[in-house]
Amino acid sequence: MPTPALRPSSALVLVRDAAAGPEILLLRRAERGDQNSGAWVFPGGLLDAADADLAPVCTGRDAAACHQRLGLAEGGLAWYAAAVRETFEEAGLLIAVDAQGVTVTGIQLESAWRTRLHGREIALDALCREQGFRIALDRVHVFAHIVTPPGLPKRFDTRFFMAPAPAGQEASHDGIEMTAHAWLSPARALDGAQGVHVVGPVRRLLQQLTRFSTAREMLDWAAALPEVPCIRPQLARDAQGRVGPLFPDHPGWAEARRVDPDGRGLARAQVTPGEPLRLSERVIRLTATNPGVMTGPGTNSYLVGALSTNEWAVIDPGPADAAHVQALQAAAPGPIRWILVTHTHLDHSPGAAPLATATGAQVLGRRTPHAQWQDEAFAPTRELQEGERLALDAGTTLRVVHTPGHASNHLCYLLEEEATLFTGDHVMQGSTVVINPPDGDMGAYLASLRRLRDEFAPLQWLAPGHGFLIANPARVWNFLITHREQREAKLLAALGTEPQTPDALLPVVYDDVPPAKHAAARRSLLAALLKLRAENRAFETPDQRWRRA
């Protein structure tokens, strides 16, 4: 089925102050058997061919200023004008001034005008000329631009504007396109007050507006935005089977664009343990059912396939879980010939032995030199070396990259043909990894991050041991390095001339981390202290206290 054409549309968020804070006008769409039936929305609709004709009756912002603000070569004024016109037709509120430059009041408006506009008996420009009104575009500020995701029968390219509710006018739904209206604070609208139910972009924008305490703050914010980027959500299915939009700040958004660019319902809003998901022609992800504070939704196992032979490798078979081992065999489209392990923590490698027994696959990875929290029983068929290239077939190659830090035996695997790096626990989505001495080494971890940043620039994707696929690896490396450097600077600032215990340093250095995670943070704190000691920037006293060198 061809993708529906984008339909240009405008919406207007009208704001006013009330005793309990700022309120926003919402309208309920009539039931018409389409995807927006019954939805509570901001007033707005499609651009009309006549909207550009409103230029002569507009004031406060000319056509050139409208084009520039919207980043368009032409046609910008029509988007502003459509927002004002639709709001008048649907809600009876007109953002306009009279011949004296005074805000048009309700006394000056006649309800019959809306009926004539709906019936196309008169155009808004003719009405304004007849009454001496001017549409006040200087009161209208664009603040969002959202494109309906692929996969829906109707798609809209919508610019959202904001304006103060015109004083002296009363809102009234038209009874044709809109069947109810309500003034509510963003928070009350989100909570479903007065039967209002908002979804999609409306919910998203209301969430953004909850932080303002007055209408003036909202309007000043919208007017001062330096730019308004286009936001392109993607459809994804949640754990209950409901399909909805993921926005770019959702951790699964980039994966959804890759896995399901046409919005066919293949992408997921959550990483779902036990459910295989094909990420590309060569890669399938299956997440173990071991969710937790340290494992997130669970440990990811990846099946990587040789296209010509239909033979498969498993990267990180996961914990000692018979059901997960069986699920990996069921998810593999062909025989499993290789089992690769990133490191030997207990949620990543113990599944290797039973999977190898069941499939006869060779096990590849590195043994651990440390016993604490490690899979000491891990016994690879062969230990992998830095830089090795494992050719599954002529078109599927995995390169071994040694990345010590989280664990001394930690390996990443680069799928060369897809510029995808399987990162194990070197990178996790949604949080930084714990560095746990003596096997964990903060200095080695930072060195590994810098090496990946400097030597692997063509990378396109990271496939972490926990969470969704991650796009833009260069940004990830820079963020992680900066984060660790900032944490180290915080530690140096907390260290003084008087020796301090790690327990005293912990709430100061990790004051942005919830206390429930302080036990894990304490291990990374010790790793940072040991790094400073190795660099002669801090030292430990005989009673296990620390001070700056």
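Computed from a prediction, not measured in an experiment: that's the story for all the values here. Note that these values count all heavy atoms, side chains included, but never hydrogens, waters or copies made by symmetry.
Using a distance-only test at 3.5 Å, with no hydrogens or angles considered, a donor-acceptor pair links the side chain of Asp51 to the main chain of Asp48. Looking at Asp260, its side chain does come within 3.5 Å of a backbone N or O of Gly265 through a donor-acceptor pair. Not a single donor-acceptor pair under 3.5 Å links the side chain of Arg232 to the backbone N or O of Pro248. Formation of a donor-acceptor pair under 3.5 Å by the Arg211 side chain with backbone atoms of Gln208 is found in this model. The closest donor-acceptor contact from the side chain of Ser10 to the backbone of Ala82 lies at 3.5 Å or more, if one exists at all. Looking at Thr396, its side chain never comes within 3.5 Å of a backbone N or O of Leu392 through a donor-acceptor pair. Between the Thr287 side chain and the Pro273 main chain, no donor and acceptor come within less than 3.5 Å of each other. At least one donor-acceptor pair closer than 3.5 Å links the side chain of Gln429 to the backbone N or O of Pro251. A donor-acceptor contact shorter than 3.5 Å links the side chain of Arg237 to the backbone of Gly241. The main-chain N or O of Pro458 is found under 3.5 Å from a side-chain atom of Gln460 such that the two form a donor-acceptor pair.
Scanning both residues, Val41 and Val202, for their nearest heavy atoms gives CA-CG2, 4.1 Å. The minimum heavy-atom distance linking Ala356 with Ile339 is given by the pair N-CD1, 3.5 Å. Heavy-atom minimum distance, His181 versus Leu27: CB-CD2, 3.2 Å. Heavy-atom minimum distance, Glu418 versus Ser280: OE1-OG, 2.8 Å. Closest of all the heavy-atom pairs between Ala189 and Val198 is O-CG2, 4.0 Å.
At a threshold of 4.5 Å between non-hydrogen side-chain atoms, the residues Arg257 and Pro150 do not count as touching. Between Met178 and Glu89 the shortest side-chain heavy-atom distance does not fall below 4.5 Å. Contact check for Leu219 versus Val15: side-chain heavy atoms found under the 4.5 Å cut-off. Using a 4.5 Å heavy-atom cutoff, the side chains of Leu415 and Phe422 are in contact. Residues Leu184 and Ile24 fail the side-chain proximity criterion, which asks for heavy atoms closer than 4.5 Å. Counting heavy atoms from C-beta on, the side chains of Leu390 and Glu388 come closer than 4.5 Å. For the pair Ser431/Met428, a side-chain contact is recorded, criterion being any heavy-atom separation below 4.5 Å from C-beta on. Put simply, the side chain of Leu152 reaches to within 4.5 Å of the side chain of Leu235, judged on heavy atoms.
Here the CD-NE2 distance, from Glu488 to His483, works out to 12.0 Å after rounding to the nearest 0.5 Å. Atom CG of Leu449 is separated from atom CD of Glu485 by 10.0 Å, given to the nearest 0.5 angstrom. Interatomic distance, CZ of Phe156 versus CG of Leu46, reported as 6.0 Å (0.5 Å rounding). Taken from CG in Leu266 to CG in Leu279, the straight-line distance is 11.5 Å, to the nearest 0.5 Å. Here the CZ atom belonging to Arg487 is positioned 7.0 Å from the OG1 atom belonging to Thr432, to the nearest 0.5 angstrom. Residue Arg282 holds its CZ atom at 15.0 Å from CG of Leu303, rounded to the nearest 0.5 Å.
Between His343 and His345, the ring-plane angle classifies as perpendicular under the 30° and 60° cut-offs. Note on ring orientation: taking the six-membered ring where Trp is involved, the planes of Trp221 and Phe212 are tilted (angle from 30° to 60°). Classified by interplanar angle (parallel below 30°, tilted 30° to 60°, perpendicular above 60°), the ring pair His410/His426 is tilted.
Side-chain contact check for Arg28 and Thr179: at least one donor-acceptor pair (N or O, by modelled atom type) lies under 3.5 Å. For the residue pair His406/Asn436, the side-chain donor-acceptor check at 3.5 Å is not satisfied. Counting only N and O atoms by type, the side chains of Tyr302 and Asn300 include a donor and acceptor under 3.5 Å apart. Under the 3.5 Å distance criterion, with hydrogens and angles disregarded, a donor-acceptor pair is assigned to the side chains of Gln240 and Arg242. Looking only at atom types and distance, the side chain of Asp393 has a donor-acceptor partner in the side chain of Ser308 under 3.5 Å away. Between the side chains of Thr482 and Gln486, no donor N or O sits under 3.5 Å from an acceptor N or O. Donor-acceptor pairing under 3.5 Å is lacking for the side chains of Asp316 and Ser301. A donor and an acceptor atom, one from each side chain of Ser185 and Glu23, are nowhere located under 3.5 Å apart. A side-chain N or O of Asn409 and one of Thr344 form a donor-acceptor pair less than 3.5 Å apart.
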| request: Just do the salt bridge (Lys or Arg N to Asp or Glu O under 4.0 Å) check on Arg450 and Glu455 with the steps written out, would you? | output: CA-CA 8 Å; Arg450 293 188 179 107; Glu455 297 182 21; over 6 Å; no
Side chain to side chain donor-acceptor pair (under 3.5 Å) for Glu417 and Thr397? Distances and angles first, verdict last. CA-CA 7 Å; Glu417 290 77 7; Thr397 309; 3.0 Å; yes
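Remark: of the listed residues Thr299, Asp375, Asp425, Thr295, Asp425 is the sole one forming a side chain to side chain donor-acceptor pair (under 3.5 Å) with His348. Among Val427, Asp347, Val433, the one residue that satisfies the side-chain contact (heavy atoms from CB on, under 4.5 Å) test with His466 is Asp347.
Checked against the 6.0 Å centroid threshold, Phe143 and Phe161 do not count as a close aromatic pair.
One finds a salt bridge joining Asp511 and Lys490 here, because a Lys/Arg side-chain nitrogen approaches an Asp/Glu carboxylate oxygen to under 4.0 Å.
The cationic atom of Arg337 (NZ for Lys, CZ for Arg) does not lie both less than 6.0 Å from the six-membered ring centre of Trp312 and within 45° of the ring axis.
When the shell of 6.0 Å around CD of Gln362 is examined, it contains more than 12 heavy atoms from other residues, nucleotides or ligands.
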